[in-house]
Structure formats: C-alpha cells, structure tokens
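Note that this is a predicted model, so its numbers are computed, not measured.
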Amino acid sequence: PMRDAAGRITRWFGTCTDIHEQHLAREAAEGARQEAEAARAEAEQANRAKSQFLATMSHELRTPLNAITGYTELMELGVAGAITDQQLGYLGRVRASARHLLGLINEVLDLAKVEAGRVTVTRVPFDVGTAAEEALALVRPQAAARRLALGDASCAAGVPAVGDAGRVRQILANLLSNAVKFTAPGGSIALACGVSDAPDAAATLPGRGPWAYVRVADSGIGIPADKLDVVFEPFVQVDGAYTRQHGGTG
C-alpha cells in the first residue's frame with residue numbers, strides 16, 4: 001500500500017508539472033501575440049504618418065513649382081518684354097526641368113504603391129528619340145558648367161518603341177546625370193539610340209524583337225579593375241570614404 005501511494009503521489013506531481021508547463025506555454029504564446037499586434041499597430045501608424053507626410057510635402061513642393069512653370073511660360077510669351085532666341089532656349093529648359101521635377105514628386109507619392117506592389121508601367125507607343133532629347137535637355141546646364149561636350153542624341157529618325165516614356169526619360173536622366181558627375185572636365189558624353197534585332201547577350205527580354213535600344217557613353221574618370229564587379233551593385237560607389245568628392249547614394 002505504501003508503494004502504491006508513493007506511485008500515485010509521483011503521478012500527481014507529474015500531472016501538476018505538465019499543467020504548469022502548458023500554462024507557461026499559453027502565457028508565452030499570448031505574450032507573443034500581444035507583442036505582434038502592438039508591432040503591427042505601430043507599423044500601421046508609422047505608415048499612415050509617412051503617407052500624410054508625403055501628401056503634405058507634395059502639396060508644399062507643387063505650389064512653388066507651379067509658380068516657376070507659370071512665370072516661365074509668361075516670359076516665353078513675351079509678357080515681360082522681348083526675349084532673345086538664346087533666352088527662349090534657356091526658359092524652355094527651365095520649364096522642362098520643372099515639369100520633370102513635378103514628375104519626380106509624383107513618383108515619391110507612388111512610394112506606397114511600390115511597397116504594396118501596385119506600381120503600374122504603361123505600355124503605349126512612343127518615340128525613343130524624343131524621350132532621349134528631353135533627358136538631354138535636363139542635364140545640359142550641368143554639363144556646360146563642367147565644360148563637357150554633350151551633343152544631340154544620335155538617333156535614327158523616329159525610333160519607335162512600346163513602353164512608359166516617362167520612366168524611360170527618368171532612367172536616361174539618371175544615367176546622364178551620373179555621366180556628368182563622373183566625367184572629368186573637358187570630357188565628352190554621347191547618347192545614341194536605334195533598333196536592333198539582336199539584343200546584348202546579357203539582356204533578359206520577354207517576347208521577340210526587334211528591340212529599341214539606348215546607349216550612354218562618356219569619357220569618364222576611369223574605374224579601377226578591382227571595382228568593376230561591385231560598382232553596379234545597389235548603393236555602391238567606388239569611393240566609399242566620407243571625404244569622397246561626389247555625392248549620391250551609388
């Protein structure tokens with residue numbers, strides 16, 4: 001009888017231990033659930049604050065940009081007096097740059113769509129040469145300031161393509177501004193576009209050609225051989241020091 005009682009006591013203590021461990025596990029799971037809910041609520045609040053900030057920033061930036069565009073158009077019309085052809089060309093570049101900046105502001109507002117995977121790219125016919133010339137116009141003042149030779153786009157007449165002209169122009173403007181930044185004074189930058197039946201071997205393209213292409217080349221400042229494998233990685237610059245001469249994120 002004593003042995004049976006000892007066995008029952010042992011089993012009872014074992015059962016109590018199991019119940020206690022289950023209770024601790026439930027408490028841990030509940031704590032983890034509450035932490036997850038709190039983190040999700042905090043993230044949603046931060047996302048709402050970000051969206052509100054972007055909307056406010058967009059409004060604040062659009063107001064002066066609209067004024068710049070409006071006064072530029074008035075000057076182009078000669079409201080403030082006669083202007084020369086050279087001045088008219090400068091005003092046209094100011095207006096084009098303002099409109100491009102306005103487009104970039106709209107891209108910032110698309111940030112939430114990017115994170116949600118809802119950004120759309122239009123597919124409509126457009127002329128590649130026109131997009132190339134518009135991108136060149138945005139960087140000509142910077143190129144002139146650095147004494148860089150930047151001619152017109154070398155494109156065959158009417159290079160047709162199907163895609164998003166605005167995003168193509170933005171990509172080309174980024175490439176050209178990088179070329180301006182990293183080309184030594186007195187150097188040159190060239191942009192060419194055309195049509196090809198055989199894309200580059202490294203290109204990954206859906207469907208079948210022919211394909212429209214754009215090439216940006218510059219005399220540059222040179223890239224060390226040991227940096228060629230990493231220079232095209234995101235957020236990488238050859239000179240990573242805090243004292244580097246050229247800004248940007250890479």
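Rounded to the nearest 0.5 angstrom, D127 CG and E134 CD are separated by 9.5 Å. Taken from CG in D164 to OG1 in T122, the straight-line distance is 3.0 Å, to the nearest 0.5 Å. Note that the CD atom of Q87 and the CE atom of M75 stand 7.5 Å from one another [nearest 0.5 Å]. Residue L172 holds its CG atom at 10.0 Å from CG of L138, rounded to the nearest 0.5 Å.
With contacts defined as side-chain heavy-atom distances shorter than 4.5 Å, the pair V162/V124 does not qualify. V180 places a side-chain heavy atom less than 4.5 Å from the side chain of I189. The shortest side-chain heavy-atom distance between R140 and L150 falls under the 4.5 Å cut-off. Using a 4.5 Å heavy-atom cutoff, the side chains of D152 and E133 are in contact.
A donor-acceptor pair is defined here as one N or O able to donate and one able to accept, closer than 3.5 Å; such a pair exists between the side chain of S177 and the backbone of N174.
Applying the side chain to side chain donor-acceptor pair (under 3.5 Å) definition to pairs two or more places apart or across chains, none involves residues 205-214. Each side chain to side chain donor-acceptor pair (under 3.5 Å) pair with one or both residues in residues 71-82, not counting sequence neighbours, appears once here: E73-R99, E76-R95.
With respect to the salt-bridge test (charged N to carboxylate O, under 4.0 angstrom), the residues E30 and R26 do not qualify.
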